[in-house]
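In what follows, chains are A, B, ... by sequence order, proteins preceding strands, each numbered from 1. None of the values given here were measured: they were computed from a predicted structure.
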Amino acid sequence: MFKPGKKIEFKSAKEIPLTPMSLGDMTHNYTGSWRNLRPEIDYDRCIDCMICWKFCPEPAIFIENDRPKIDYYFCKGCGICVQECPVKCIAFEEEGK
Amino acid sequence: MKKVLMGNHAISYGATLSRVQVIAAYPITPQTQVVELLSEIVANGELDAEFIKVESEHSAMAACIGASAAGARAFTATSSQGLLLMHEVLHWASRARLPIVMANINRAISPGWTIWTDQNDSLSQRDTGWMQIYTADNQEVLDSIIIGYKVAEKVSIPLMIVLDAFVLSHTYEPVDVPDQEKIDKFLPPYKPKIKLDPEDPHAFGGLTAPNIYMEFQYNHQQAMMEAKKIINEVGKEYGDITGRYYQNLSPYKVDDAEYVVITTGTISKTTNIVVDKLRDSGVKIGNLRIRTLRPFPSEEIYEQLKGKKKVFVIDRNISFGNTGIFFQEVKASLYNTDIRVPIFGFVTGLGGRDVTPELIEEIVNIGIKNEKPEEEVIWMGVKK
Ligand code: SF4
Ligand code: SF4
């Protein structure tokens, strides 16, 4: 269903769209590089309630085999999932550590 | 069908005939009966539209932006402080190039708290990138909403229809409500040039770097300039089916006039009476009503004022620290032309104070008597 997006490179007023808009979707825009802190799920303690999936604003959490999974290409490291997890099983680690 | 309508309801009928699909409005003061009647029309099933009640005028315009971006014909109405609260999203609507049409009832700005007319609310939105049309009777109000959609959708720029509070908004006049069939032919369903569509996803309004931001502004300006022509064309097309023609300017006895009064809104209707009276006593005077403020019809104004002796601009607004705003606009548009006549700027009627034929006659007499204006702003009818 999704058309792969492209980075926009326009040269003149004649070739731009009516309003600033992406060509296709934004999947090329890896916002994961904005992240300073990295959420990591401890699957042994996770109860699969999917509250993190509901709260992630990006949304960078998807469900795979009935378990939550973080897509680090898009996770911006906002920490909402860390805050909302009812069993506190998401750790927030500094990137690069 | 002829109906006796207040200006507010003329707007509601105009929106209904335009078959708007989404109406978003804040229902409390300074709102008027515009959306009250529309909500009834929607609830009765006479108009197939979503009526969204929102918590502020800012949200009303935001909802219209969403609706229009999703491909719907969207409408809202507001007034005074409500319009001011919309200011930020007005810019968004126009730069997103969404052909929303809204009605603004010209009410003065508080404090002191007021519900009477003057133009400072809409003129504060002059540079938001919207088209603005100033109307002078309830028939024109209804017709302008319908014409407005056609123009807005052609040039992809939102359009604001402006009318005087109380003098039009709450005053009843006979209004011809055209047949729906006729309007359907004139104004077919909205076909968006771009829209939000899950099948064809795009992100709108994203980060736009300096290397391309300016080009969007340039295109917006080009479309605005194009709109000068489109407003006249669509106005003529509408006239051909209804007998009522609307253009950027509405001149009255200007052709052979030596003196021209420049007016907007309902003051112009009163001025016509004064023109007739003065003509009877031999004064060669005419009245040029400006309907379109944005885009500003400079070339047409030049044509109308060529060869005239003096020009008197009546403003129902004030740009504090300078002058009336239409006065500035007219002067600026003529500066690079060969027209070199005295232009007088009068400010009057603020906060709904009556602008009577006697007052307009006094204005004309001051203009005729004095070689050139003694003050940049001549206040009329103020208890100094
Ligand atoms: S840190 Fe924020 S963006 Fe990343 S997965 Fe958690 S909620 Fe989503
Ligand atoms: S909120 Fe916590 S417990 Fe619930 S699914 Fe997410 S990680 Fe697991």
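Around CE of M50(A), the count of heavy atoms belonging to other residues, nucleotides or ligands within 6.0 Å exceeds 12. Atom OH of Y73(A) sits in a sparse spot, with 12 or fewer heavy atoms from other residues, nucleotides or ligands closer than 6.0 Å. Counting non-hydrogen atoms of other residues, nucleotides and ligands closer than 6.0 Å to CZ of F204(B) gives a total above 12. Atom CG of N211(B) sits in a crowded spot, with more than 12 heavy atoms from other residues, nucleotides or ligands closer than 6.0 Å. Sparse packing is recorded around NZ of K54(A), with 12 or fewer heavy atoms of other residues, nucleotides or ligands lying under 6.0 Å away. Surrounding CZ of F92(A) are more than 12 heavy atoms belonging to other residues, nucleotides or ligands, all under 6.0 Å away. More than 12 heavy-atom neighbours from other residues, nucleotides or ligands sit within 6.0 angstrom of CG on D184(B). Annotation: Q83(A), atom CD; neighbour count of heavy atoms from other residues, nucleotides and ligands within 6.0 Å does not exceed 12.
A pairwise comparison of heavy atoms in F216(B) and T19(A) identifies CE2-C, 3.5 Å as the closest pair.
Scanning residues 71-97 of chain B against chain A with a 4.5 Å heavy-atom cutoff picks out R95(B), A96(B), R97(B), ordered by number. Proximity to chain A among residues 221-235 of chain B is not found for any residue, judged by heavy-atom separations below 4.5 angstrom.
To the nearest 0.5 angstrom, E215(B) atom CD is 10.0 Å from E15(A) atom CD. With rounding to the nearest 0.5 Å, the separation of CG in L23(A) from NE2 in H202(B) is 7.5 Å.
Between I194(B) and M21(A) the shortest side-chain heavy-atom distance falls below 4.5 Å.
Within the 3.5 Å criterion, the main-chain N or O of A13(A) finds a donor-acceptor partner in the side chain of N219(B).
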